[in-house]
Undergrad: 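Once you've had a glance at the structure underneath, I'll fire off some questions.
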Amino acid sequence: MAAQDQATAPGTSRSLARSRPRYGESVIKVVLMAAAMISVATTIGIVAALLEPTIEFFSEISFGEFFGSTTWGPLFNPAHFGVWPIIVATLEITLIAVVVAVPLGLAAAIYLSEYATPRVRKIFKPVLEVLAGVPTVVFGFFALAFVTPLLRDWFPFLDLEAKNALAAGLLVGVMIVPIVASLSEDSMAAVPNGLREGSYALGASKMLTSVRVVVPAAFSGIVAAVILAISRAIGETMIVAIAGGFKAVFTFNPTNEMSTMAAFIAQAGSGDASVGSIAYKTIFAVGSLLFIMTFVMNWFSARLVQKYREVYD
Amino acid sequence: MQNVSVRGPEVPRNIEALDPVFTVSDLSVFYGAYEAVRGVDLTIGNREITAMIGPSGCGKSTVLRCFNRMNDLIPGARPAGKIFFHDEDLYGDHVDPIEVRRRIGMVFQKPNPFPKSIYDNIAYGPKVNGMKGKMDSIVEEALIKAALWDEVKDKLKQNALSLSGGQQQRLCIARAIAVKPEVILMDEPCSALDPIATTKIEDLMQELARDYTIVIVTHNMQQAARVSDRTAFFTAEVDDAGERHGRLVEFDETSRIFTNPSDKRTEDYITGRFG
Ligand SMILES: Nc1ncnc2c1ncn2[C@@H]1O[C@H](COP(=O)(O)OP(=O)(O)O)[C@@H](O)[C@H]1O
Ligand SMILES: [Mg+2]
């Protein structure tokens, strides 16, 4: 202490200017900025790449035909470009997935965060995260080879087609359960313990405390989890291609084979659509639409979170 | 310490006749294998304010949290000995801890309002307990009793976290009152507050003692002297094995504890000579 006091005592010549330049700092700053720029640039690049063929597409096919008719078959002859069948299929499979994943994921999150002992949680959480890493082709095959036959056995009156939106949606739901559960659990675990104690001290049960205090306090995190899960569901390709099929029929009946937007892109993209052909441009038009849908949903949910979140310090 | 102002005659009550709400006998509390508190005998009088004072870590909170079975929520926490609430064994097999907590409210050290509106904070307890009656009037009554109504009546829909710390703590008291408990436990309710907010809470406690039994943990001796009827002084003792255990040293009317304690350790503590 004494030596230090002396060194900085008034009258000594030691200046407060930095003694040697800190190059490391500026190098790191540049590296980090470059990393940030790459992801921004990639996004811009994707948008730009989508944009040009999309504009070309709409110079050939009118908005009116694209959004105004309900027959889809860009790869057929004669080709049809009414996009509604694949939009409906996408939304319907996503809806089925959400109906499965939100209750299941939230229940799992509540269990892990509020009921499970630390030991159980320590085992369960990584298992959940492994589940999130299962290749979706596995889920797709499982839906086709196992779930659809099972559903046909149990509910013969449904008259399920061999490929159908129901089985695909269920398995997309299973696929996104870990996302909902894991991220929701994170945000519930971050709720201060004092809030739980405050609730218990008023004579609330564990269930009521979880549902009425912890879940609302973690609401913004839970919404973020669900949105991320929905984004994954909308874009999910493998499961819907394998178990949902490629037949684009304008129907709301999930027992039918349906082609989603992502499935169409996979189908057309892996076919022999030559560069510059209308089939090729259709891929980009559908891609742009998918992009916009995801974007709008993210924006909408950000607003929602802003409006309903419960802020705690 | 003769000049410490003890709770004055403006609230005249005969504190001699002790009508027990809690009767604690030979209470020890374990956290796992660690005996945090050992051998406490204590009686909490009806509609009295009982203060628990003592140095930090001597087990005041631990004892307090036995009164509403809050310790049940801590894995490994286990009481031994007996606590009677009136003539019912608080830890008896038939006792539902949720019912216990409805009858015995608690206010915490750090104000912990829910991140909801002021109204919803108060309405929460009555709702989860399925209380009958018009919610608006339940909320209003609780806020009036907690001396907060005038300050918040025009902003009941505002988030409770927009209130100041002192207001938040009174909101927590109102929240506790709303479920119509018989006892209110307070664990250092003013330690996060400024002196003015502290005075308000102390006044409020005096007011509430007409209707409720209050047990308050405080590290502030003046506060205990100002507000309480009886004071329990705890300290930590080190046993032969080198483990610290909380012990109740002395329990008496507050005026006696602060003017004429019978134990040397109490005297040392209240005169500030505590090691
Ligand atoms: N949840 C807990 N687990 C283990 N030990 C605890 C726990 N809470 C308190 N203790 C221990 O019990 C003793 C008494 O603590 P506490 O009742 O909080 O004291 P006080 O409120 O008087 O400061 C301390 O030694 C503390 O470390
Ligand atoms: Mg304490």
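The model shown is predicted, which means the values in this text are computed figures rather than measured ones. Lettering follows sequence order; numbering is per chain, from 1.
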Undergrad: Between the main-chain N or O of B:Ala80 and the side-chain N or O of B:Tyr91, is there a donor-acceptor pair closer than 3.5 Å?
TA: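 No; judged by distance alone, with no hydrogens or angles, the pair does not exist.
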Undergrad: Treating A:Ser39 as the side-chain partner and A:Ala36 as the backbone partner, does any N or O pair qualify as donor plus acceptor under 3.5 Å?
TA: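 Yes; judged by distance alone, with no hydrogens or angles, the pair exists.
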Undergrad: How close do B:Ile214 and B:Ala209 get, heavy atom to heavy atom, and via which atoms?
TA: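 In this case the closest contact between B:Ile214 and B:Ala209 is CD1-N, 4.1 Å.
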Undergrad: Is it the side chain or the backbone of B:Ile104 that comes within 4.5 Å of chain A heavy atoms, both, or neither?
TA: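 Contact with chain A is through the backbone of B:Ile104 alone.
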Undergrad: Against chain A, label B:Arg69 side chain, backbone, both or neither, depending on which of its atoms sit under 4.5 Å from a heavy atom there.
TA: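 The answer is neither part of B:Arg69.
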Undergrad: Between B:Cys190 and B:Thr218, is any pair of side-chain heavy atoms under 4.5 Å apart?
TA: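 In short, these two side chains do not touch, never coming nearer than 4.5 Å.
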Undergrad: Taking heavy atoms only and a threshold strictly under 4.5 Å, list by residue number the residues of residues 119-130 of chain B that touch chain A; give 'none' if the list is empty.
TA: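 So the qualifying residues are B:Tyr124, B:Gly125, B:Lys127, B:Val128, B:Asn129.
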Undergrad: Which one, B:Asp96, B:Asn112, B:Val100, leads in non-hydrogen pairs under 4.5 Å with chain A?
TA: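 Most pairs with chain A among the choices: B:Asn112.
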Undergrad: Which atoms of B:Pro113 are under 4.5 Å from chain A, going by heavy atoms: the side chain, the backbone, both sets, or neither?
TA: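 Just the backbone, heavy atoms under 4.5 Å.
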Undergrad: Which residues in residues 196-205 of chain A have any heavy atom closer than 4.5 Å to a heavy atom of chain B?
TA: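 Listed by number: A:Glu197, A:Gly198, A:Ser199, A:Tyr200, A:Ala201, A:Leu202, A:Gly203, A:Ala204, A:Ser205.
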Undergrad: A:Val174 vs A:Phe142, test: side-chain contact (heavy atoms from CB on, under 4.5 Å). Steps then yes/no.
TA: CA-CA 11 Å; A:Val174 170; A:Phe142 185 73; over 6 Å; no
Undergrad: State whether the side chain of B:Lys110 and the backbone N or O of B:Ala192 hold a donor-acceptor pair below 3.5 Å, judged by distance alone.
TA: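 Looks like no, no N/O pair under 3.5 Å.
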Undergrad: Is a donor from one side chain sitting under 3.5 angstrom from an acceptor on the other, for A:Glu129 and A:Ser182?
TA: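 Note: A:Glu129 and A:Ser182 side chains meet the donor-acceptor criterion.
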Undergrad: Here's a test for you: under side-chain hydrogen bond (donor to acceptor under 3.5 Å, both in side chains), which of B:Lys180, B:Lys145, B:Glu182 qualifies with B:Tyr212?
TA: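 Of the listed residues B:Lys180, B:Lys145, B:Glu182, the side-chain hydrogen bond (donor to acceptor under 3.5 Å, both in side chains) partner of B:Tyr212 is B:Lys145.
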Undergrad: Which heavy atom in A:Val214 sits nearest to a heavy atom in A:Val191, and how many Å separate them?
TA: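 Looking at all heavy atoms of both residues, the closest pair is O-CG2, 3.9 Å.
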Undergrad: Side-chain contact test, heavy atoms from C-beta onward, threshold under 4.5 Å: evaluate it for B:Leu156 versus B:Leu143 and give yes or no.
TA: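 Of all side-chain heavy-atom pairs linking B:Leu143 with B:Leu156, at least one is under 4.5 Å.
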Undergrad: With a 4.5 angstrom heavy-atom cut-off, is it the side chain or the backbone of B:Leu73 that approaches chain A, or both, or neither?
TA: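 For B:Leu73, side-chain heavy atoms alone lie under 4.5 Å from chain A.
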Undergrad: Taking all atoms of both residues into account, what is the closest heavy-atom pair of B:Ile83 and B:Asp89, and its distance?
TA: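 Nearest heavy atoms, B:Ile83 then B:Asp89: O-OD1, 3.5 Å.
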